[in-house]
Number of protein chains: 2
Amino acid sequence: MRKRARQTTRKTELINAAIQTIARSGTLDVTVADIARQAGMSPALAHHYFGSKDQMFLSTMREILRRYGLIVREAVSAADGPRARLLAVLDASLGPEHFDADTVGAWLTFYALAQQNEEAARLLRVYHRRLRSNLLVDLRPLLGVRAVEVAETLGALIDGVYLRQALSDSAPAMLLKLPRDYLLGILGSKEA
Amino acid sequence: MRKRARQTTRKTELINAAIQTIARSGTLDVTVADIARQAGMSPALAHHYFGSKDQMFLSTMREILRRYGLIVREAVSAADGPRARLLAVLDASLGPEHFDADTVGAWLTFYALAQQNEEAARLLRVYHRRLRSNLLVDLRPLLGVRAVEVAETLGALIDGVYLRQALSDSAPAMLLKLPRDYLLGILGSKEA
DNA sequence: TTTTATTGATTGACCAGTCAATCAACGCGG
DNA sequence: CCGCGTTGATTGACTGGTCAATCAATAAAA
């Protein structure tokens with residue numbers, strides 16, 4: 001048991017180091033040595049735990065996805081009613097936990113990775129579907145058939161906001177409220 | 001003069017080869033040798049013309065941006081009235097010329113590059129500003145102060161659609177009509 | 001002839017992954 | 001409580017391969 005715990009902490013340390021290192025350099029070209037150094041251990045140890053660079057990246061991606069799912073689930077369960085839950089999903093998706101420079105950098109880089117690596121693409125599709133279904137659950141009772149289109153639009157909008165945030169051209173605050181305002185606009189006009 | 005012409009064609013050949021090669025492999029990890037081979041010449045010649053790999057990539061990016069600007073300007077000048085011009089900008093931005101697998105692949109990859117390379121980030125910001133201003137020109141007379149928010153939303157939405165297209169999860173047709181429907185929804189409700 | 005185009009060969013750097021060797025903790029029989 | 005063997009943690013050194021960039025040499029053009 002002690003053994004397993006140690007292994008887990010080491011892996012987690014490497015994953016955190018990977019997120020930081022990837023975001024800081026903005027590429028997947030980061031070397032295993034870079035990540036290991038960031039985590040304060042030798043490159044050989046990283047291989048010992050993950051087997052290959054690709055496996056390390058995929059684990060990192062899974063971890064980011066896991067954290068995202070956790071936060072969303074928490075936020076949704078704390079909200080009451082469809083409208084509040086929808087806003088909770090948006091807030092959680094664009095919350096500071098995912099929107100810090102590190103995570104955004106890593107996130108963007110994974111999109112690039114997804115073009116090469118089928119497993120990476122699969123993980124990204126999982127995220128898309130999860131977001132979509134989270135939105136649809138509460139959009140359907142409010143909008144009926146139009147829910148699908150609105151859900152797709154919100155999904156694309158969130159991703160676009162991420163993308164632009166990574167370049168930090170516009171003011172961040174402005175970008176963050178875009179999906180929320182879109183949703184409120186839709187809900188408001190439907191209420192009438 | 002002859003000299004310049006030859007140099008230009010060689011450079012263009014390399015740029016086209018770069019677009020194809022990047023898109024096909026889905027990464028910036030393509031080697032100069034790969035690109036040169038695709039263009040039917042030796043790697044050494046590619047260095048002769050561009051000096052470095054980075055310069056070659058940046059030239060490629062500028063070329064893609066130039067083509068985009070060209071198409072948009074053409075489409076806009078052919079349209080009549082603010083509403084038609086807005087739709088023209090959207091259609092041109094998501095048109096098949098930029099939406100084929102090759103260009104989308106290269107585009108996405110450049111977003112990743114922009115995190116490392118300041119010049120790449122600058123070029124992407126140029127594109128953002130150009131799109132924004134293209135939209136604002138015709139949105140302002142229709143929407144007044146709200147034009148800014150709508151322009152930002154459309155920009156983010158387009159980028160998001162690109163991103164999702166690159167993963168081709170949803171049906172392409174569905175994705176493509178999202179920005180258009182959003183704009184029509186805004187304009188429709190304002191007309192009232 | 002002078003300049004430009006073009007290439008094959010080479011170099012120097014870098015990096016993922018391997019391996020053999022230490023090191024530290026733990027368990028266990030005496 | 002003490003050697004001692006087992007097992008996982010950890011590392012430094014090394015390898016095989018790749019790639020950007022350079023260079024010297026040749027062909028073609030001006």
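Lettering follows sequence order; numbering is per chain, from 1. Only this structure's heavy atoms are used, side chains among them; waters, hydrogens and symmetry mates stay out.
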With a 4.0 Å cutoff (strictly under), does any side-chain N or O of A/Tyr49 reach OP1 or OP2 of D/dG8? no
Which whole-number value in Å describes the distance from A/His48 NE2 to C/dA20 P? 16 Å
Evaluate the side-chain proximity of A/Leu139 to A/Leu183: yes if any heavy-atom separation is below 4.5 Å, no if none is. yes
Could you state the CG-C1' distance from B/Leu14 to C/dT7, rounded to the nearest angstrom? 14 Å
Heavy-atom side-chain contact between B/Leu14 and B/Thr60 under 4.5 Å: no
Separation of atom CZ in B/Arg10 from atom P in D/dA28, rounded to whole Å: 14 Å
When you compare the side chain of B/Leu86 with that of B/Leu142, does any pair of heavy atoms fall below 4.5 Å? yes
From NE2 (B/His48) to NZ (B/Lys11), nearest 0.5 Å: 10.0 Å
Starting from P on C/dA24, measure out to CG on A/Leu45 and report it in whole angstrom. 15 Å
What integer distance in Å separates A/Arg37:CZ from D/dG12:P? 12 Å
Answer yes or no: is there a donor N or O on one side and an acceptor on the other, between the side chain of B/Arg164 and the main chain of A/Gly155, under 3.5 Å? yes
Residue that, paired with A/Phe50, satisfies side chain to side chain contact (heavy atoms under 4.5 Å, CB included) out of A/Ile15, A/Ile35, A/Val32, A/Leu45: A/Ile15
Quick one, give me the B/S/- string for nucleotides 14-19 of chain C, reading 5' to 3', where B means a protein heavy atom under 4.0 Å from the base and S means that only happens at the primed atoms, P, OP1 or OP2. -SSBBB
